[in-house]
Amino acid sequence: MPDRLYFTEDDDANALIATDPLALLIGFALDQQVTVQAAFAGPLKLKQRLGSLDAKTIARTDPAKLEELFREKPAIHRFPGSMAARVQDLAATIVEEYGGDASRIWTEAADGDDLKQRLAALPGYGDMKVRSMLAVLAKRYGVEAAAEVAPAQRTLGDVDSPEALVDYQAAKRAHKAAQRAAKT
């Protein structure tokens with residue numbers, strides 16, 4: 001297990017997402033229409049505001065209070081209402097399906113296909129997030145089931161330093177620009 005994932009500019013946030021499986025899952029859930037840095041800084045902000053990053057605590061928090069915590073300045077996400085609900089749904093799923101232990105998603109997966117299905121069943125996890133999460137689990141955590149199905153192309157799983165994050169984001173922007181140009 002790494003002691004840091006270099007997805008933010010905050011060392012404490014990087015340590016949290018590396019060492020707390022729920023924080024990592026929440027970061028991926030928040031990784032939508034915001035920068036990678038903003039998404040993965042979210043779990044630390046939530047922990048500081050809620051006082052805990054426990055799946056049961058998040059799942060049982062009054063939805064209005066959780067939304068308020070997401071809206072507090074600086075907001076945890078660009079869309080605090082919908083993302084508070086998504087994170088609460090994610091936490092509830094972790095409690096119901098995995099007894100509150102997020103790591104069981106990958107530690108108890110029978111194989112790569114099972115792991116892929118488990119991730120895809122999480123609230124807010126589409127194909128792109130699943131593939132990126134698989135790459136992180138394979139390349140940063142050495143999860144064998146993830147390595148079976150992780151994508152070959154460059155993903156967040158390849159980010160192993162602050163410089164690698166900058167390079168990854170530049171390559172992603174260039175790829176998107178090329179895709180847009182190909183459509184015209």
Side-chain angles (χ1 to χ4, degrees), residues 1-47 53 55 76-77 83 86-87 90-91 93-94 97-98 100-179:
M1 178 185 300
D3 64 346
R4 301 278 184 290
L5 290 174
Y6 297 95
F7 299 170
T8 79
E9 295 159 357
D10 181 318
D11 193 55
D12 291 336
N14 290 338
L16 180 65
I17 60 173
T19 58
D20 184 327
L22 181 60
L24 181 62
L25 291 172
I26 290 171
F28 270 102
L30 295 173
D31 190 15
Q32 183 174 327
Q33 298 184 332
V34 296
T35 65
V36 168
Q37 292 92 330
F40 287 94
L44 179 61
K45 288 179 187 173
L46 181 58
K47 182 177 182 178
L53 203 65
I76 290 176
H77 194 276
M83 287 300 164
R86 177 170 292 164
V87 167
L90 174 64
T93 299
I94 299 301
E97 301 293 324
Y98 302 100
D101 181 355
S103 70
R104 288 180 51 200
I105 294 169
W106 51 90
T107 60
E108 295 179 359
D111 57 25
D113 289 332
D114 183 36
L115 176 55
K116 197 173 182 178
Q117 289 174 351
R118 288 166 175 246
L119 291 170
L122 296 174
Y125 274 65
D127 184 58
M128 216 161 94
K129 286 183 190 184
V130 168
R131 286 185 284 132
S132 194
M133 181 72 182
L134 288 168
V136 169
L137 290 172
K139 295 175 181 181
R140 298 290 134 231
Y141 292 86
V143 175
E144 288 182 32
E148 296 172 17
V149 291
Q153 79 267 16
R154 195 170 184 189
T155 67
L156 274 175
D158 296 298
V159 173
D160 59 0
S161 68
E163 299 78 22
L165 178 60
V166 171
D167 293 345
Y168 165 76
Q169 289 180 307
K172 189 174 177 179
R173 280 191 301 276
H175 177 72
K176 285 183 177 182
Q179 284 183 318

When rounded to the nearest 0.5 angstrom, what is the spacing between [atom1] in [X] and [atom2] in [Y]?
X    : Y    : atom1 : atom2 : result
D3   : D11  : CG    : CG    : 8.5 Å
I76  : L46  : CD1   : CG    : 5.0 Å
Y125 : L25  : OH    : CG    : 4.0 Å
M133 : L137 : CE    : CG    : 4.0 Å
M128 : T155 : CE    : OG1   : 11.0 Å

Nearest heavy-atom pair of [X] and [Y]: which atoms, and what distance?
X    : Y    : result
L115 : I105 : CD1-O, 3.6 Å
D114 : A110 : OD2-N, 2.8 Å
V159 : R140 : O-NE, 3.4 Å

- prompt: Is there a donor-acceptor pair under 3.5 Å between the side chain of K116 and the backbone N or O of V130?
  reply: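 A pair under 3.5 Å: no.
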Sequence neighbours excluded and cut-off under 3.5 Å, please list the side-chain donor-acceptor pairs for residues 144-154, or say none.
| from | atom 1 | to | atom 2 | distance (Å) |
| --- | --- | --- | --- | --- |
| E148 | OE1 | G112 | N | 2.8 |

message: Determine whether T107 and D101 satisfy the following criterion, side-chain contact (heavy atoms from CB on, under 4.5 Å), listing intermediate values before the conclusion.
response: CA-CA 10 Å; T107 60; D101 181 355; 5.8 Å; no
[X]: which residues meet the side chain to side chain contact (heavy atoms under 4.5 Å, CB included) condition with it, sequence neighbours left out?
X    : value
A39  : L30, D31, V34
K139 : D158
E108 : R104, R118
Q33  : R78, F79

Under 3.5 Å, which donor-acceptor pairs link side chains of residues 12-24 to any protein atom two or more places apart or in another chain?
| from | atom 1 | to | atom 2 | distance (Å) |
| --- | --- | --- | --- | --- |
| N14 | OD1 | F7 | N | 3.4 |
| N14 | OD1 | T8 | N | 2.9 |
| N14 | OD1 | T8 | OG1 | 2.7 |
| N14 | ND2 | T8 | O | 3.1 |
| N14 | ND2 | D10 | O | 3.4 |
| T19 | OG1 | A15 | O | 2.8 |
| D20 | OD1 | L22 | N | 2.9 |
| D20 | OD1 | A23 | N | 3.3 |

- prompt: Do L165 and E9 have side chains that get closer than 4.5 Å, going by heavy atoms?
  reply: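 SC-SC contact between L165 and E9 ruled out.
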task: Describe, in one word, how the ring planes of F28 and F40 are oriented to each other, choosing from parallel (under 30°), tilted (30 to 60°) and perpendicular (over 60°).
output: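 Answer is perpendicular, since the angle exceeds 60°.
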message: As a quick check of understanding, evaluate side-chain contact (heavy atoms from CB on, under 4.5 Å) for D160 and Y6, giving each step before the final call.
response: CA-CA 6 Å; D160 59 0; Y6 297 95; 5.5 Å; no
- prompt: Do other residues, nucleotides or ligands put more than 12 heavy atoms under 6.0 Å from the NZ atom of K47?
  reply: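 Open: at most 12 neighbouring heavy atoms sit under 6.0 Å from NZ of K47.
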